[in-house]
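Any value given below was found using the heavy atoms of this structure, including those in side chains, with hydrogens, waters and symmetry copies removed. In this chain, residues are counted from 1 in sequence order.
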Amino acid sequence: MGLLTALGAEADPPPVNSAQGARLHGSERFETVNIPLGSIEPGTVSAGPACTTSAMMMAGGRLVGIQSCAGANPPVWFLEGADLVGAVFRAPFEGRSVKLTIEEVRCHVGITGPAVPCTAQNLTNGKAFWEYRVTASTEDAQPQPLCPTGSGFALAAPHAWSTGGELIPNPEYFTFACAAKNEGTATQPFFVGGGVVAKCIDWGYPPWATSYPATVAMEYHQLCTRMAMADYCGEGRSNTLDGTPLKFMGAKDAVQLDGGALPATVDGYSLEAVWQVNGCGDVRPLCLGKKRWDTLPLEATCVNKSLFIAPRATRPCESLNLASLVNSKLLVSYSVFIDRPLMLFKDAGNGYVTTAAVTVNPDILEGGGNVTGIFVDHNADGLPDATPYTAQRKEGPILSPKLPADIQSRMGNLIKPLYRCVNSSGRHMLTDTSTCDGIPGFFLKVIKGDQAIEGYVYSSVDVTSTGQRRPLKLWRSLTMPGVYATSTQAPAGFWFVKDLGYLPAVGQLPGRDL
């Protein structure tokens, strides 16, 4: 059996169109499990009087076991592919261990297609590898699928990961990376579920030597996973919704876009960020695109207040020229932003407006729970409106009123619009009916032909999912007639009127994780 040892010339993988993800491995409860290769318990024993497993190794993206069989011919057997069905691994988990059993093995079909058969030659040269259907069981629960979303199968990826999403080089460990599933068509793919580790492998950035030496390949894999999760602060926290359309490229391809300048849009995708490995070996955005600043939900960004999203002196990305960085290890991402930040604002007279029409001053905003530097921008000119409102709280993300048609159709009746209503006194209300709930004096406020739709929320969620479920509610003032507020929490002196739905949680879509 040959092992993957050849290295090609260092080059950018081709630009890719796909989708972001909100999880590293996509295995939910077992997301942070690192598996010791030495814990293997083979499910099958090769012919021979006394066969023992002497080693388990990763050969690129291949999980390979080695059995020594005294008196057999040959005396050494390699276990790979279907030979590993029934094999068991045990990994540390929550102060005890989890038993991981390989139930089925098949040839992996990548999300960039076409399918490559798992012949001996293709496996040896790294063009093909296996994927595994795995069950996980603990002492207190029956076996359950390790990959509850996506294709249900996982790739084997070498090395370990920290809980903060950092790749830890360690040849004695590996992880199972759940693969996505195409719920679109061959010509219009829509890959959902799984984790970004598997996506990055399919995109041409695996954590093993291919066209890059191993150390460089691991740096690019880390770049890719941070980018795919929109993990702006390098904390292992996603700032995107799973399935968000994504287009990205390396430095050499990005420089070709406009002589090194980065256009604000490419093929309908908006500039999101330039990702780079810093001098400490950490991945951070070199900058964010202006539209990303203005639409960033900030659900998980920079929970560690000591971290910044990007160096202040180099943002936004539209002001950056990549010509001098063409040989740098970096990735440039463009995205279709399907979520926006829903903000609660208040004026001196205790009037409220809840809106996703905001502008952000990145020189002030640092992320986390901070709302300084966020302003109402109803006319969408990028400048704060001349209003008396000041930001109070980030309610969370809301789906954009310009939600792409394919995503909107997939969500179907599991989402519903929120309508923007006002009255002649300038009071605002955000509710889920186009009649403004029939409240006297309130009427729809249409801005630039948007049908007065502020955005979309979930009409239902999967109550069995581990994701957050944050209900949005309508409240009315007990002392001021005609004053309403839309928020997740009741303002002081306000009374509950009705439930409006659920705010999207990072990584969760209604009825299931996308």
Side-chain angles (χ1 to χ4, degrees), residues 4-21 24-25 58-62 108 110-112 125-127 129 155-162 164-171 174-175 177 179-180 194-234 236 238 240 246-256 262 272-287 310 317 322 325-335:
L4 183 63
T5 57
L7 297 177
E10 185 173 328
D12 283 347
V16 174
N17 286 29
S18 191
Q20 289 178 312
L24 195 63
H25 290 91
M58 290 295 303
R62 298 157 56 197
H108 175 60
I111 63 176
T112 57
N125 61 25
K127 293 182 179 179
F129 34 90
L155 306 183
H159 307 299
W161 292 85
S162 74
E166 180 183 0
L167 177 61
I168 303 172
N170 189 329
F174 79 102
T175 61
V196 300
V197 170
K199 286 183 179 181
C200 287
I201 291 172
D202 282 347
W203 291 339
Y205 295 98
W208 61 80
T210 52
S211 58
Y212 299 104
T215 55
V216 176
M218 283 189 281
E219 286 184 319
Y220 269 111
H221 187 69
Q222 182 77 84
L223 268 172
C224 181
T225 57
R226 297 291 194 197
M227 173 198 70
M229 288 181 64
D231 185 2
Y232 298 122
C233 298
S238 175
T240 187
L246 175 72
K247 179 183 180 71
F248 68 92
M249 63 205 74
K252 295 179 178 65
D253 290 299
V255 167
Q256 301 302 315
L262 292 174
E272 179 187 8
V274 174
W275 303 82
Q276 188 178 44
V277 180
N278 66 20
C280 297
D282 300 321
V283 174
R284 296 287 189 277
L286 184 62
C287 56
C317 290
L322 287 184
L325 300 172
V326 67
N327 294 317
S328 300
K329 298 182 184 72
L330 58 82
L331 294 175
V332 179
S333 59
Y334 283 78
S335 179

Using ring pair (Phe, Tyr, Trp, His ring centres under 6.0 Å), reason through Trp275 and Tyr220 one step at a time and then give a plain yes or no.
CA-CA 10 Å; Trp275 303 82; Tyr220 269 111; over 10 Å; no
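A donor-acceptor pair is defined here as one N or O able to donate and one able to accept, closer than 3.5 Å; no such pair exists between the side chain of Glu166 and the backbone of Gly236. Of the possible polar contacts, one joining the Lys199 side chain to the Ala19 backbone as a donor-acceptor pair under 3.5 Å is found.
Each salt bridge (Lys or Arg N to Asp or Glu O under 4.0 Å) pair with one or both residues in residues 201-215, not counting sequence neighbours, would appear here, but there are none.
Between Met58 and Ala156, the shortest heavy-atom distance links the atoms CE-O, 3.5 Å. Heavy atoms only, all atoms of each residue included: Pro207 and Leu167 are closest at CB-CD2, 4.2 Å. Ala251 approaches Ser328 most closely through the heavy-atom pair CB-O, 4.0 Å. Between Met249 and Ala254, the closest heavy-atom pair is SD-CA, 3.7 Å. Counting all heavy atoms, side chain and backbone alike, Gly234 lies closest to Arg284 at CA-NH1, 3.6 Å. Closest approach of Tyr232 to Pro285, counting heavy atoms only: O-CD, 3.1 Å.
Side-chain contact between Met227 and Leu246: present, with at least one pair of heavy atoms (C-beta onward) separated by less than 4.5 Å. Between Leu24 and Val196, some side-chain heavy-atom pair lies under the 4.5 Å cut-off.
Note: Trp161 CH2 to Thr225 OG1 = 4.0 Å, rounded to the nearest 0.5 Å. Atom CZ of Arg62 is separated from atom NE2 of His108 by 15.0 Å, given to the nearest 0.5 angstrom. With values rounded to the nearest 0.5 angstrom, Gln276 atom CD is found 10.5 Å from Leu331 atom CG. Taken to the nearest 0.5 Å, the CD1 atom of Ile201 stands 9.5 Å off from the SG atom of Cys224. Interatomic distance, NE2 of His159 versus CH2 of Trp208, reported as 9.5 Å (0.5 Å rounding). Rounding to the nearest 0.5 Å gives a distance of 9.5 Å between SG of Cys200 and CD of Gln222.
For the side chain to side chain donor-acceptor pair (under 3.5 Å) test, residues two or more places apart in sequence or in another chain that qualify with Thr175 are His25. Contacts of Glu219 classified as salt bridge (charged side-chain N to carboxylate O under 4.0 Å, His left out), with partners at least two apart in sequence or in another chain: Lys329.
A parallel orientation is assigned to the rings of Tyr205 and Tyr212, their planes being inclined by less than 30° (bins at 30° and 60°).
Remark: the Gln20 side chain and the Thr240 side chain contain an N/O donor-acceptor pair separated by less than 3.5 Å.
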